[in-house]
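What's counted below: heavy atoms across the whole structure, side chains too, no hydrogens, waters or symmetry copies.
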Amino acid sequence: PFRCAAFLDKAFLAGDYEAPWRADGGPCAGQLTAPEPLLQMMALFAGRTEDALAVERATAARLAEIEAKQPRQAQPLRLLLALMKGVRLLHEGAFAEAAATLREAERQMPWWSGDGGGALRLIALITLARAEELAGDPEASARTLATLRAVNPDFAGWYGKFPPTASAAP
């Protein structure tokens, strides 16, 4: 899982959204429906809607398993699924609904956690800022970006390169 996550991070930041689906999947072979937000985003940005939906469905199935057995442990996965839904809504052009979904998920995400929750919150914030911008609320987008800048200025600087939909992919 670590090698796959590192591979996805590098490919995502380089804008190489097709990387996981080339050849044999590289270090992500057999993990192309893992509950991984970057994988879902890359699929959307590459125009692989069915692959993105498969990641979302697999995440929902995993959440159902955890809720049945250990409901107190389900919140991180619940927030991950909300993030995925918000990203998908943004991609589909439902900007206001995406913003509302992302805003609610982001407010509940931790800044620091052992399972990468802080990184998910950064992704939620940058995606929320784009959704607010595209929903016609530049003031909200500016506030969200200011929050992001205060926490991680380097990540906030990536906003100009962040594609809102697959059609914006290079």
Side-chain angles (χ1 to χ4, degrees), residues 1-2 4-17 19-20 34-46 48-49 52-53 55-56 58-60 62-63 73-170:
F2 177 75
C4 178
F7 174 79
L8 292 175
D9 290 349
K10 183 178 178 182
F12 185 80
L13 292 173
D16 186 5
Y17 306 124
E36 171 56 59
L38 289 185
L39 185 60
Q40 183 237 17
M41 292 172 83
M42 291 171 80
L44 288 171
F45 296 159
R48 295 175 161 274
T49 305
L53 291 172
V55 172
E56 204 171 326
T59 304
R62 180 73 180 124
L63 175 59
Q73 305 299 317
Q75 184 66 0
L77 203 54
R78 195 176 298 117
L79 293 172
L80 175 61
L81 191 58
L83 172 62
M84 288 180 177
K85 178 182 177 185
V87 168
R88 178 178 41 79
L89 289 168
L90 175 64
H91 176 79
E92 292 171 349
F95 306 130
E97 189 178 352
T101 300
L102 291 163
R103 191 176 299 111
E104 183 59 29
E106 184 275 326
R107 285 182 182 148
Q108 297 178 55
M109 289 178 172
W111 278 117
W112 311 110
S113 68
D115 62 359
L120 290 180
R121 192 164 185 184
L122 293 175
I123 293 168
L125 280 168
I126 202 165
T127 309
L128 172 59
R130 181 67 79 207
E132 291 167 334
E133 175 189 339
L134 293 171
D137 194 347
E139 294 83 14
S141 180
R143 284 190 305 272
T144 300
L145 282 173
T147 300
L148 184 57
R149 249 183 240 104
V151 174
N152 190 322
D154 291 337
F155 195 81
W158 185 62
Y159 181 75
K161 299 175 188 169
F162 181 71
T165 65
S167 62

To the nearest 0.5 angstrom, please state how far the [atom1] atom of [X] sits from the [atom2] atom of [Y].
{"X": "Leu8", "Y": "Leu39", "atom1": "CG", "atom2": "CG", "value": "5.5 Å"}
{"X": "Glu36", "Y": "Leu80", "atom1": "CD", "atom2": "CG", "value": "8.0 Å"}
{"X": "Glu97", "Y": "Lys85", "atom1": "CD", "atom2": "NZ", "value": "5.5 Å"}
{"X": "Arg107", "Y": "Leu102", "atom1": "CZ", "atom2": "CG", "value": "11.5 Å"}

Using side-chain heavy atoms (C-beta onward) and a distance below 4.5 Å, is [X] in contact with [Y]?
{"X": "Ile123", "Y": "Leu38", "answer": "yes"}
{"X": "Met109", "Y": "Leu83", "answer": "yes"}
{"X": "Leu128", "Y": "Glu132", "answer": "yes"}
{"X": "Thr127", "Y": "Met41", "answer": "yes"}
{"X": "Val87", "Y": "Pro37", "answer": "no"}

Closest non-hydrogen atom pair, [X] against [Y]:
{"X": "Gly86", "Y": "Thr101", "answer": "N-CG2, 3.8 Å"}
{"X": "Leu89", "Y": "Ala98", "answer": "CB-CB, 3.7 Å"}
{"X": "Ala34", "Y": "Val55", "answer": "O-CG1, 3.3 Å"}
{"X": "Leu125", "Y": "Thr144", "answer": "O-CG2, 3.3 Å"}
{"X": "Pro20", "Y": "Met42", "answer": "CD-CE, 3.6 Å"}
{"X": "Ala105", "Y": "Leu79", "answer": "O-CD2, 3.8 Å"}

Does the pair Glu106/Arg103 count as a salt bridge with the N-to-O cut at 4.0 Å?
no

The criterion is side chain to side chain contact (heavy atoms under 4.5 Å, CB included); which residues satisfy it with [X], sequence neighbours excluded?
{"X": "Leu53", "answer": "Thr49, Glu50, Glu56, Arg57, Arg88"}
{"X": "Ala156", "answer": "Leu148, Arg149"}
{"X": "Asp137", "answer": "Glu139, Ala140"}

